[in-house]
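Reviewing the structure listed below.
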Amino acid sequence: MGKLLYGAKVAEALREETRVEVGTLSEQHGIVPKLVAILVGDNPASRTYVGAKRRACEAVGIASETVQLASDITTETLLEVVQNLNRDPVVDAILVQLPLPSHVDKVAVLNAVEPAKDVDGFHPVNVGRTCINSAGVAPCTPAGIVELLKRYRVRIAGARAVIVGRSDIVGKPLALLLLHEHATVTVCHSKTKDLPKQTQRADILVGAMGKPAFIRGKHIRKGAVVVDVGVNRVDSRKEVLKLFGKQGKESRERLKRFDEKGYVLVGDVHPREGKAKARSITPVPGGVGPLTVAMLVRNTLTLAKMRRGPGQAAAARR
Ligand code: GUN
């Protein structure tokens, strides 16, 4: 049975380190980092994520604000909101929560965020910096995954890492970050031929394509380290029973949660088969999700230090 890699524990450690640094920055230099999240419309999942990000900032002494905008906002008005935040000297970090409504030009909006305030690392300038491993902040989920692997002392250098999923937010930047850590990286996707053949080679296997329980035992080499990025809602009791089995503690807990909430969260990796084959695996929930939030908080601090902290150049090299 695979060991669990608790992202939530690593996130807690990261938050504590950030809290100490934020305290020093504000006590010794009078700088209170500030994050502004832009939330368009009323997507419940986005609202939950933004709420979690705000609370996580406040818990470490970072100021935060949410700009809530109507779902019928035009691209032009949204661009003005972003530009005003770009100009605001007390704002260190800007986050545009995705997805945006389909009528909004997402590329134009993400490109409008000042790169020095781009906490997600989505601006093309920062994508380029991530690509060449230069100063700045990397996207939160991939950066959190690398932090998790390092803190659990998983050897990355020389490891064969296989990522399933090629999104701009996770798959692609993670491939770059693992490459910078000297892994041999393969990125697979929906058109990959003979997927199990590719994934079976992985020392580190990452599921990041957003399909519930898609990665099965046949995809996993015995003894691999498995990172599950998926957060999928399963809202059928029959499906919950199929995924978690009819007996055992885990099954009972999941069914209880299902009866309370009407759904359970499942990753991209089949929960029972993943645990059976992997040496270690991140749980869902409690794995990668909390790390993303913790990295966002740390990225906010990094941007504040780079833009207006003491020794900006040194901070920028980190
Ligand atoms: N939507 C899903 N993941 C993310 C993320 O990491 N950042 C932002 N801004 N929106 C998201």
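Everything numeric here is computed off the predicted structure, so don't read it as measured data. Heavy atoms only: backbone and side chains are in, while hydrogens, waters and symmetry mates are out. Atoms within each ligand, like the ligands themselves, are counted from 1 in listed order.
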Margin query: A side-chain contact here means heavy atoms from C-beta on lying under 4.5 Å apart; do Arg257 and Pro285 qualify?
Written below: yes
Checklist line | By salt bridge (Lys or Arg N to Asp or Glu O under 4.0 Å) - contacts of Glu250 (at least two apart) | finding: Arg254, Lys275
Check: When Ile, Leu, Val, Met, Phe, Trp and Tyr are grouped by side-chain heavy atoms lying under 4.5 Å apart, directly or through other members, which residues fall in the same group as Leu241?
Finding: Val234, Val240, Leu243, Phe244, Leu255, Phe258, Val264, Val266
Note to self: What I'd like to find out is whether the side chain of Ile145 reaches to under 4.5 Å of the side chain of Leu177, using heavy atoms alone.
What the structure shows: no
Margin query: Going by salt bridge (Lys or Arg N to Asp or Glu O under 4.0 Å), name the residues that satisfy it together with Lys256, two or more places apart in sequence or in a different chain.
Written below: Glu260
Item checked: Distance-minimising heavy-atom pair for Leu79 and Ala112 -> CD2-CB, 3.6 Å
Protein N/O near ligand 1 N/O, under 3.5 Å, which pairs?
{"unit_1": "ligand 1", "atom_1": "1 (N)", "unit_2": "Gln97", "atom_2": "NE2", "d": "3.4"}
{"unit_1": "ligand 1", "atom_1": "1 (N)", "unit_2": "Leu98", "atom_2": "O", "d": "3.0"}
{"unit_1": "ligand 1", "atom_1": "7 (N)", "unit_2": "Asp120", "atom_2": "OD1", "d": "3.2"}
{"unit_1": "ligand 1", "atom_1": "7 (N)", "unit_2": "Asp120", "atom_2": "OD2", "d": "3.3"}
{"unit_1": "ligand 1", "atom_1": "9 (N)", "unit_2": "Val96", "atom_2": "O", "d": "2.9"}
{"unit_1": "ligand 1", "atom_1": "9 (N)", "unit_2": "Asp120", "atom_2": "OD2", "d": "2.7"}
{"unit_1": "ligand 1", "atom_1": "10 (N)", "unit_2": "Leu98", "atom_2": "N", "d": "3.1"}

